[in-house]
Amino acid sequence: MNKFLIAGNWKMNKLYDEAIALVDGILNYNAHPNVEKLIFPPYLYLNELRRHIDNQSLSIGAQNCYYENNGAFTGEVSADMLNKIGMDYCIIGHSERRTIFGEDDVLINNKVKSCFDNNIKPVLCIGETLKEREDELTFNVIEKQLKLGLKDIPLEKLSELVIAYEPVWAIGTGVSASPEQAGEAHNYIRKFLVNKYGNVGNEIFLLYGGSMKPENAESLLNLENINGGLIGGASLDADKFNKIVEIALSID
Ligand code: PGA
């Protein structure tokens, strides 16, 4: 089992040539097998980048999918289609999908199930807004999103699941959660998973997301229940992304 998963969520960024250059910049840095590197480029480039990466040590996934396999769903892409072009992962329930595109926990749960049905590893994103944190609802929100997002998922699939804790107030703001805040949330998530699923709960990778960058990666990745990062802004720069990978490598 890898020790860390370092993932870049490119969101709706990079033109075609820039995307190729960014991947090349990431491939140029040789990571140790203990750290899995993963990128989530825009849909448009997935097939091309999958071939470009070839069998090199870089995983790739989509930023979203729909839960039906095919049909009259204009503008959507299915987990089945992603699987057939060799995608490894898919982000599900990112807070931008929840807030800008109105995704709810029921839809998110259907997407998680569809990923499992199609051999795509889902990265389920959860996290509270600033208002919810100020109202001391952080743990309630986390628990509700976990319960609903993971409803009826068979136990044997769970070791393939990745969860990203991304406090909404830390995403794209430059202000990450402090190690105390992140550690507390991650410990809570781990406890929830172990209580619900037993030992499998210990195998689920927990990523922190929200303004992770080279300057704060070490203090976050050093925490017991943080197994990696889901990185937005800093993943758009190969040097910064590689630096975070290097930091992960340096942690015993
Ligand atoms: P950020 O984004 O690193 O730019 O805060 C993280 C994310 O939204 O996954």
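Just follow the structure's listing: the first ligand is 1, and inside any ligand the first atom is 1.
- Residue-environment remark: CD (Glu218) stays at or below the threshold of 12 foreign heavy atoms within 6.0 Å.
- Within 6.0 Å of the CD atom in Glu156, the count of heavy atoms belonging to other residues, nucleotides or ligands exceeds 12.
- The side-chain contact (heavy atoms from CB on, under 4.5 Å) search around Leu148 returns Asp105, Lys144, not counting sequence neighbours.
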Pairs of donor and acceptor atoms involving the side chains of residues 164-174, under 3.5 Å and at least two apart or interchain, shall be tabulated with distances.
residue: Tyr165; atom: OH; partner: Glu128; partner atom: OE1; Å: 2.8
residue: Tyr165; atom: OH; partner: Glu128; partner atom: OE2; Å: 3.1
residue: Tyr165; atom: OH; partner: Arg133; partner atom: NH2; Å: 3.4
residue: Glu166; atom: OE1; partner: His94; partner atom: NE2; Å: 3.2
residue: Trp169; atom: NE1; partner: Glu128; partner atom: OE2; Å: 2.9
residue: Thr173; atom: OG1; partner: Trp169; partner atom: O; Å: 3.1
residue: Thr173; atom: OG1; partner: Ala170; partner atom: O; Å: 3.3
residue: Thr173; atom: OG1; partner: Val175; partner atom: N; Å: 3.2
residue: Thr173; atom: OG1; partner: Val175; partner atom: O; Å: 3.3

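- Looking at residues two or more places apart in sequence or on another chain, you find no side-chain hydrogen bond (donor to acceptor under 3.5 Å, both in side chains) involving Asp17.
- By the rule that hydrophobic residues join a cluster once side-chain heavy atoms approach within less than 4.5 Å of another member, Tyr208 and Val141 end up as members of separate clusters.
- Residues lining ligand 1 at a heavy-atom distance below 4.0 Å are given as Asn9, Lys11, His94, Glu166, Ala170, Ile171, Gly172, Gly210, Ser211, Leu230, Ile231, Gly232, Gly233, ordered by chain and residue number.
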